[in-house]
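Heads up: the structure comes next, in structure tokens.
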Amino acid sequence: MRVSRSVEWGEMLGMRKVETHEQMPEEYRATLLKIIYALASTEFASVEQHQPWINQGPTPEDRYIQCQIAADEAHQGFIDCRLLRSFGKDGAEKADELLELRTGEHPIAAFNVTFDSWVETVGFCFIMDLVAWYHLHAMENCSYAPLAREMTSMVHEEKFHASFGERRIRDLVKNKEYQKVAKAGKSEAQAAVDKWYPHALDTFGKAESKFSDLAVGYGIRRWGNEELREMYRAEIDTKIAQIGLTVPDPQKGRSVH
Ligand SMILES: [Fe+2]
Ligand SMILES: [Fe+2]
């Protein structure tokens, strides 16, 4: 997507996009800082989640694509950190803090959950990387120009991760050769979908959220928490059903409402 020079939605519609932190009203700055911090935290956390499975997939393609995914997440985290540092002292402190966090300390619950098998690893890609794609898609062409420019490459990386996960979950359900090398099949694929689905829905945040309203109003995110969750749910539910698996109950196992 081409990045325009002006703000595309919200209260600042038509104004020139924001380039530096000196141009930001205080509330805009605080909202943006919180969003980039949350985003960066998920990138570094998922590197740790992927780490035990690097070079462990059942086929050469699995091993190298999964390595590429872990590398993409680290790279995205560093880009987010560079953006945080551009805010000055408080942003730089946030970036330093993120680099120190380990599994169990990450701010978003789903990213402290371990990948206990290869099937859970590709299940995470299928279910959670599509969540990541929606979060990034919501910030394409956003009012903060440096972030909008980064989205032009990041959204495609997330689509790649999600489509790899989707293909492997489908192979686990339908492809006898892959079932043989992965030593797993439909029931394991269903269990992985069941594990990540409630986390995926929780990751969109509370339905009623002042923070989400501010992010939309300031042209940073195009859709609010609930709207984005429903968009995601319509797509993932269709994919799960098409593969031949059961769509989990959207209320079950949820902790964010
Ligand atoms: Fe990512
Ligand atoms: Fe990803």
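Order of appearance sets the numbers: ligands from 1, and atoms from 1 within every ligand. Positions are given from 1, in the same order as the sequence printed here. What you are looking at is a predicted structure, and each value in this text was computed from that prediction instead of being measured.
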- Task: Could you tell me whether the Fe ion (ligand 1) has an N, O or S atom of M154 under 2.8 Å away?
- Result: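 No.
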- Query: Would you say E158 reaches the Fe ion (ligand 1) with an N/O/S atom under 2.8 Å?
  - Reply: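 Coordinating: yes.
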Indicate yes or no: does [X] engage [Y] in a salt bridge with an N to O separation below 4.0 Å.
{"X": "R167", "Y": "E61", "value": "yes"}
{"X": "D171", "Y": "R168", "value": "yes"}
{"X": "R233", "Y": "E230", "value": "yes"}
{"X": "K252", "Y": "D194", "value": "no"}

- Quick one: does S86's side chain get under 4.5 Å of T20's, heavy atoms only?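 A side-chain contact is absent here, since even the closest heavy-atom pair is not under 4.5 Å.
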- Could K34 and F211 be counted as a cation-pi pair, given that NZ or CZ must be under 6.0 Å from the ring centre and within 45° of the axis?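 Here K34 passes the 6.0 Å and 45° test against F211.
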The Fe ion (ligand 2) to nearest N/O/S of [X] below 2.8 Å:
{"X": "C125", "result": "no"}
{"X": "E73", "result": "yes"}
{"X": "E43", "result": "no"}

- Message: Only N/O/S atoms count here: what is the atom of H161 closest to the Fe ion (ligand 2) called?
- Response: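 Atom name of the closest N, O or S in H161: ND1.
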- Item | D129 atom (N/O/S) at minimal separation from the Fe ion (ligand 2) |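 Distance check against the Fe ion (ligand 2) picks out OD1 in D129.
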